[in-house]
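Below are the structure tokens for one structure; questions will follow.
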Protein chains: 2
Amino acid sequence: MANRSSRGSSAPTLKDLARLAGVSPITASRALHRPELVAEATRLRVAQAAEQSGYVPNSLAGGLASRQTRLVVAIVPSVGHSLFSDMLDALITALAAQRYETTLGISHYDPQHEERWLAVMLSRRPDGVVLTGTEHTARTRRLLLNADIPIVELWDYTPHPLDVAIGFSQEDAGRAAFRHLWACGYRRPAILRSDDSRAQRRAQGFLRAAAEADAPEPAQVVFPESSPQAGRGRDALDALLARARDADAVFCSSDALAQGVLAHAHALGLSVPRRLGVLGFGDQVLAADSIPALSTVRVDGAHIGRLGAEALIARMSGGAVIPAQDIGFKVVARASTLRDARPPSA
Amino acid sequence: MANRSSRGSSAPTLKDLARLAGVSPITASRALHRPELVAEATRLRVAQAAEQSGYVPNSLAGGLASRQTRLVVAIVPSVGHSLFSDMLDALITALAAQRYETTLGISHYDPQHEERWLAVMLSRRPDGVVLTGTEHTARTRRLLLNADIPIVELWDYTPHPLDVAIGFSQEDAGRAAFRHLWACGYRRPAILRSDDSRAQRRAQGFLRAAAEADAPEPAQVVFPESSPQAGRGRDALDALLARARDADAVFCSSDALAQGVLAHAHALGLSVPRRLGVLGFGDQVLAADSIPALSTVRVDGAHIGRLGAEALIARMSGGAVIPAQDIGFKVVARASTLRDARPPSA
DNA sequence: CTGTTAGCGCATTCAT
DNA sequence: ATGAATGCGCTAACAG
């Protein structure tokens with residue numbers, strides 16, 4: 001059933017296919033992409049010809065002619081964090097279901113990198129763009145505006161999105177984190193976080209909530225963004241205890257970090273959650289409720305990915321071209337889903 | 001400094017740019033992409049014109065004309081596992097350094113999905129393809145052969161790669177895992193793994209090594225592939241203990257799983273590594289040496305990604321077109337890097 | 001160092 | 001339901 005495809009040398013084109021099927025190129029094209037416009041018989045003949053010749057469409061030519069690429073550009077800070085990888089999986093899969101493909105850029109939490117990715121990627125004439133957060137360089141904004149394509153900004157809530165924004169308030173999440181720990185009876189909660197901007201904003205919310213509760217200012221350990229968060233658990237916890245011996249709970253900037261902290265707390269003989277409350281952030285720790293001692297600020301990365309794909313597809317497929325305001329932006333804050341609180345005896 | 005770009009309506013093309021700079025289109029093209037062929041003065045004029053007009057190249061047209069897209073297709077089983085996400089990050093970053101962009105497909109460990117992704121992605125005329133593993137459908141192979149582009153298969157060692165393969169022997173890794181546990185004095189090591197094919201092959205090696213050591217056949221708990229491996233720790237360990245109460249060590253198919261097992265072991269009051277040896281797989285657990293009780297079969301996903309990019313770039317940039325045999329395939333097995341072994345007293 | 005000619009492979013528009 | 005003509009925006013191959 002296999003074959004050498006073309007008798008000559010290069011890959012068969014639509015023209016070859018048409019000749020083989022005994023129709024004109026445009027009919028062959030329609031048979032492939034808009035079968036409803038073509039007689040069933042010819043559709044079949046073209047399909048057979050395609051199969052037999054091993055025809056592979058050239059979407060460069062197609063895109064050039066139709067000004068539609070079915071390509072989406074996504075730029076994320078990292079693929080190593082479960083939040084983003086969950087999101088990416090959902091995003092890519094949901095887009096693929098509508099025959100969109102995704103080209104990926106990794107910004108490493110740097111708006112300059114984002115700009116560089118975007119600048120080169122726009123030349124592929126994507127039908128849509130997915131960005132993370134709302135911090136972009138001026139040139140990024142300009143490029144995007146000139147490109148005039150749908151844009152979705154994920155993870156952050158903002159009243160002034162470039163186009164559509166889907167996310168939640170990091171500040172509120174941080175606030176909720178503090179209040180949870182406070183309500184559980186912890187009086188010296190601290191923050192363990194990486195230095196990315198979203199974690200920073202959560203920390204701000206946390207501090208503010210502490211101030212509002214007339215609590216002493218929470219200690220904060222900040223470490224550079226890097227892949228193995230779990231590995232940071234030991235260092236971060238040690239650093240905290242060295243600085244604030246009386247800390248009785250920690251708000252971690254990721255679930256992986258929380259796991260690492262948990263392991264190290266065990267090693268140190270600190271009982272969790274009695275001596276130390278550990279609060280994660282994300283959707284991993286509680287995914288299977290397997291670690292009852294931990295609680296987490298739950299954020300569903302996959303959900304954000306799905307919503308993002310949905311919004312982008314809606315914008316891209318035009319139909320009724322919905323202005324940004326019509327779609328608005330959904331605040332997907334599951335930060336209130338705090339669980340497994342246990343009154344400590346500290 | 002910003003501007004509305006085009007005075008008319010649609011985005012400026014190379015022709016517009018050329019007119020603005022007072023040169024022919026082809027000269028403008030060269031000024032942009034092959035500056036060494038052009039007088040510095042004209043290069044500058046073109047650059048200014050580009051800046052001023054907000055020109056964005058159209059790589060669809062460019063690719064169509066030049067038969068070069070600087071696009072690479074990568075298909076991975078998952079982006080949620082640290083091994084793959086580390087690899088992806090390294091791969092994408094290394095390719096980007098040579099101005100290649102990456103389109104991502106997610107196979108969810110299914111060769112059929114891989115085939116579907118490939119079939120559509122090939123129509124973008126990528127310059128190269130990165131696949132995971134060596135199990136592909138017949139049509140996948142056919143498509144790839146007809147496409148006639150460089151291919152890199154990652155993670156598995158095989159004497160018969162489609163083109164270039166970079167990986168290691170999963171079997172050997174499994175063997176090494178068993179031997180490590182055995183050498184540490186564990187006499188009833190078991191396997192906790194997901195049901196993907198590479199983990200399965202590692203298990204085979206593990207079992208074989210056990211047979212060679214005249215050990216009883218290790219118990220095996222297999223669970224379906226799914227995102228939150230860490231969450232599986234509890235269920236998997238419980239299942240194991242229910243079935244094989246005397247198991248004294250576990251070989252986990254991922255580091256995340258190992259972490260989950262560790263946490264649950266703590267919860268059950270099983271001391272690690274005394275009562276239970278826990279062996280991970282990957283590059284996370286020991287990344288910061290933060291959890292001394294665990295050991296791991298170390299595999300460096302990022303390294304595989306870098307090597308993969310390197311190999312692919314070598315093949316793509318042609319120059320001397322190196323046949324597969326010349327490049328060969330590198331066996332990157334760091335499975336022997338077993339550490340933190342502690343003689344248990346079981 | 002620069003320009004001319006031609007065509008990459010396909011889909012749009014308008015016919016029929 | 002099918003076809004003919006035209007052009008999408010760019011670069012290769014040659015010329016000068």
Side-chain angles (χ1 to χ4, degrees), chain A residues 5-6 8-46 49-50 53-71 120 122-125 127 147, chain B residues 5-6 8-46 49-50 53-71 120 122-127 147 318:
Chain A
S5 89
S6 58
S9 52
S10 61
T13 71
L14 192 62
K15 196 150 68 169
D16 301 330
L17 189 65
R19 193 167 336 165
L20 225 166
V23 296
S24 76
I26 184 58
T27 298
S29 169
R30 289 199 267 247
L32 259 23
H33 302 306
R34 320 191 52 191
E36 70 279 10
L37 296 184
V38 133
E40 177 62 12
T42 58
R43 194 194 63 70
L44 251 170
R45 298 222 317 286
V46 172
S53 62
Y55 172 71
V56 174
N58 184 325
S59 60
L60 298 177
L64 187 57
S66 70
R67 294 154 175 295
Q68 251 231 112
T69 56
R70 296 203 90 78
L71 219 214
V120 296
L122 283 180
S123 64
R124 295 198 193 274
R125 296 295 187 267
D127 290 341
Chain B
S5 88
S6 57
S9 52
S10 63
T13 72
L14 192 61
K15 198 149 66 168
D16 301 329
L17 189 64
R19 191 167 339 164
L20 225 166
V23 295
S24 76
I26 184 62
T27 298
S29 169
R30 289 199 269 246
L32 259 24
H33 303 306
R34 318 190 54 191
E36 71 279 10
L37 297 185
V38 134
E40 176 62 11
T42 59
R43 194 193 64 68
L44 250 170
R45 298 224 317 288
V46 172
S53 64
Y55 172 71
V56 175
N58 184 325
S59 61
L60 298 176
L64 187 58
S66 70
R67 294 153 175 298
Q68 251 230 109
T69 55
R70 297 203 91 79
L71 219 216
V120 296
L122 282 180
S123 65
R124 295 199 194 272
R125 297 294 188 267
D127 290 341

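So you know, we letter chains A, B, ... as the sequences are listed, proteins then strands, and number each from 1.
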Can any side-chain N or O of Arg125(B) pair as donor or acceptor with the backbone N or O of Leu122(B) at less than 3.5 Å?
yes
Quick one, Val46(B) and Val38(B) - any side-chain contact, counting heavy atoms below 4.5 Å?
no
Polar atom pairs (N or O), protein with nucleotides 11-15 of chain D, under 3.5 Å:
unit_1: dT11(D); atom_1: OP1; unit_2: His33(B); atom_2: NE2; d: 3.3
unit_1: dT11(D); atom_1: OP2; unit_2: Ser29(B); atom_2: OG; d: 2.4

To the nearest Å, how far apart are Leu44(A) CG and dA1(D) P?
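Roughly 15 Å, once rounded to whole Å.
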Would Leu32(A) and Tyr55(A) count as a side chain to side chain contact (heavy atoms under 4.5 Å, CB included) here? Give the steps.
CA-CA 11 Å; Leu32(A) 259 23; Tyr55(A) 172 71; 3.6 Å; yes
For Leu37(B), report the nucleic acid contact type (base, sugar-phosphate, nothing); a contact means any heavy atom under 4.0 Å.
base
Can you tell me if Thr42(A) touches the phosphate of dT2(D), counting only side-chain N or O atoms and a distance under 4.0 Å to OP1 or OP2?
yes
Can you find a pair of side-chain heavy atoms, one from Asn58(B) and one from Thr13(B), that are under 4.5 Å apart?
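Side-chain contact under 4.5 Å: no.
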Rounded to the nearest 0.5 Å, how far does CZ of Arg30(B) lie from CD of Glu36(B)?
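Nearest 0.5 Å value for the CD-CZ distance: 10.5 Å.
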Check whether any side-chain N or O of Ser59(A) sits under 3.5 Å from a backbone N or O of Ser123(B) as a donor-acceptor pair, and report yes or no.
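Here the side-chain-to-backbone pair exists.
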Reckon Arg125(A) has a side-chain N or O less than 4.0 Å from the OP1 or OP2 of dG9(D)?
no
Distance, rounded to the nearest Å, where Asp16(B) contributes CG and dC8(D) contributes C1'
13 Å
Look only at the side chain of Arg124(A) and the backbone of Thr69(B), and say whether a donor-acceptor pair between them is shorter than 3.5 Å.
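Yes; judged by distance alone, with no hydrogens or angles, the pair exists.
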Segment of DNA chain C, first to last nucleotide, that comes within the 4.0 Å heavy-atom reach of chain A
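The contacted stretch runs from dG9(C) to dT12(C).
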If I take atom CG in residue Leu64(B) and atom P in nucleotide dG7(D), what distance separates them, rounded to the nearest angstrom?
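In whole Å, dG7(D) P lies 17 Å from Leu64(B) CG.
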What's the separation between atom CG in Leu71(A) and atom CG in Leu71(B), rounded to the nearest 0.5 Å?
7.0 Å
